[in-house]
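Order of listing sets the numbers, starting from 1, for every ligand and every atom in it. All values derive from a computational prediction rather than experimental measurement. Computed over heavy atoms, backbone and side chain alike; hydrogens, waters and symmetry mates excluded.
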Amino acid sequence: LFYFCFSMLLRPSPSVLKDAVLIRELFSSPRARILPVTRDLRVPIVPGVDRTSPPKLAWTGANVNSGTYTWDKAILLGFDGRMEEDSAASVLFAVVLDQEAKALSSAEYKTHKWIDPIHIFATGPSLEASVVLMARSYAHFHSHHGFCHMCGAKTEWLIGGHRRTCPSCKNKVRPPLSPVVIALVTHEDKCLIGRQRAFPPTMYSLLAGFVGRRPPSCNVVLNPPNPPLLTEPGETIQEAASREIFEEAGLQADNQSFCMFGGSQPWPFSASLMVGCHVKAKTTEIVLDKDELEDARWVSKAQVVEALRSPALLVPGITNDKVSLVRPPAIANTMLSHWANAL
Ligand SMILES: [Zn+2]
């Protein structure tokens with residue numbers, strides 16, 4: 001299987017994260033590379049890079065910026081796994097700035113372009129993509145969990161930046177992560193693609209939805225011939241996939257056909273983890289939930305192969321309008337590619 005993976009960032013172990021002396025030492029060493037993240041979750045890139053090459057993150061070092069960033073407010077992201085044998089790996093940190101990118105004023109900040117991490121992610125799996133996904137997730141976590149959800153007291157930063165703690169009730173606050181099921185729904189030689197209104201024009205993807213969370217617009221379905229399991233938290237990936245395709249497209253899944261896809265993808269733009277699966281549909285008549293999807297349609301393997309081969313090329317859909325598929329490195333693209341190219 002081809003699956004999406006980030007393998008070049010070595011994450012710190014729990015024992016490293018508990019070792020304040022080590023983190024302090026690493027932060028002030030020449031091996032430290034620091035990525036600032038603004039309050040509006042933007043990261044700096046090196047300007048003037050060729051437009052066709054992926055953006056390069058503008059790292060800085062603690063020794064260069066002594067006093068600007070402090071070790072006890074730094075997020076230890078991990079180590080650069082691309083190191084040569086016998087060489088010292090760079091230690092990667094992120095720091096969260098108080099200002100939004102547009103409010104930055106120092107000359108150093110003005111030498112960089114500050115971009116949304118999704119632009120780095122969209123260039124494909126790389127150390128940089130892994131780093132910005134992680135840095136954005138933790139920066140978002142710290143800016144949204146300043147108060148304890150148990151007792152309401154102000155929370156405090158824990159060394160290493162992976163947790164916060166409540167000094168009043170001792171609650172440890174972790175970054176929340178919502179599992180999202182993304183389903184390749186097939187029927188014979190066709191698969192289901194859909195688009196939300198927020199997507200770029202003509203772009204289609206696979207159907208996806210949060211596990212254990214139902215949209216407010218979704219009412220209990222009365223007496224469907226083969227009712228999907230309408231569960232709240234506690235449902236399985238299988239149940240979530242079955243429910244989502246019924247709610248959004250009115251299709252019934254053959255639950256016996258369910259299988260997990262060999263991959264998943266962190267998606268920090270809503271603090272979620274996409275989990276891929278393959279489901280065969282028992283029915284083919286699409287009944288759209290217009291609150292969720294603007295359109296959904298069946299497309300043939302040949303159409304998917306064509307669209308994947310030339311992502312910029314718009315492939316005629318079943319009707320006369322145009323369809324293009326979500327681009328790499330989105331897991332939906334990987335799943336479609338695997339299905340369409342399988343013998
Ligand atoms: Zn508390």
Side-chain angles (χ1 to χ4, degrees), residues 9-28 32 34-43 62 67-79 91-101 103 116-118 130-181 209-216 231-237 240 264-275:
L9 177 69
L10 305 177
R11 289 169 177 258
S13 68
S15 60
V16 169
L17 286 168
K18 282 180 192 154
D19 193 335
V21 174
L22 175 63
I23 291 175
R24 182 177 196 166
E25 198 177 289
L26 290 171
F27 188 80
S28 54
I34 300 168
L35 182 72
V37 185
T38 56
R39 200 171 66 183
D40 52 342
L41 305 174
R42 286 174 174 265
V43 294
T68 308
Y69 310 131
T70 55
W71 71 278
D72 57 347
K73 285 287 161 52
I75 301 159
L76 176 55
L77 301 173
F79 302 86
V91 193
L92 310 177
F93 289 92
V95 290
V96 188
L97 307 181
D98 288 337
Q99 309 99 311
E100 296 193 350
D116 187 325
I118 200 164
S130 189
V131 160
V132 294
L133 290 179
M134 199 169 164
R136 188 196 192 281
S137 297
Y138 281 116
H140 184 269
F141 163 63
H142 287 293
S143 64
H144 284 73
H145 291 82
F147 293 90
C148 175
H149 61 269
M150 300 291 285
C151 74
K154 269 193 173 176
T155 58
E156 294 176 350
W157 180 283
L158 264 187
I159 299 299
H162 289 217
R163 303 281 184 270
R164 298 184 71 86
T165 185
C166 173
S168 174
C169 74
K170 310 301 176 201
N171 177 34
K172 283 249 173 63
V173 189
R174 298 160 185 270
L177 188 67
S178 304
V180 168
V181 63
F210 287 100
V211 176
R213 191 189 298 178
R214 300 173 58 206
T231 54
E232 289 292 341
E235 73 180 350
T236 63
I237 297 286
S264 60
Q265 183 172 66
W267 189 251
F269 308 99
S270 55
S272 55
L273 176 69
M274 314 282 283
V275 182

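Residues passing the side-chain contact (heavy atoms from CB on, under 4.5 Å) test with E25, sequence neighbours excluded: none. Under the side-chain contact (heavy atoms from CB on, under 4.5 Å) criterion, D40 pairs with T38, R42, E100, A101, sequence neighbours left out.
Around the Zn ion (ligand 1), the protein N, O or S atoms found under 2.8 Å comprise C148 SG, C151 SG, C166 SG, C169 SG.
Below 30°, between 30° and 60°, or above 60°: for H140 and H144 the angle between ring planes is below 30°, a parallel geometry. Ring planes of F93 and F27: perpendicular class, angle over 60° (limits at 30 and 60°).
Taking 4.5 Å as the limit, some side-chain heavy atom of K172 sits within range of a side-chain heavy atom of L158.
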Distance-only criterion, 3.5 Å: show the donor-acceptor pairs between side-chain atoms of residues 71-79 and protein atoms not counting sequence neighbours.
{"from": "D72", "atom 1": "OD1", "to": "T70", "atom 2": "OG1", "distance (Å)": "3.0"}

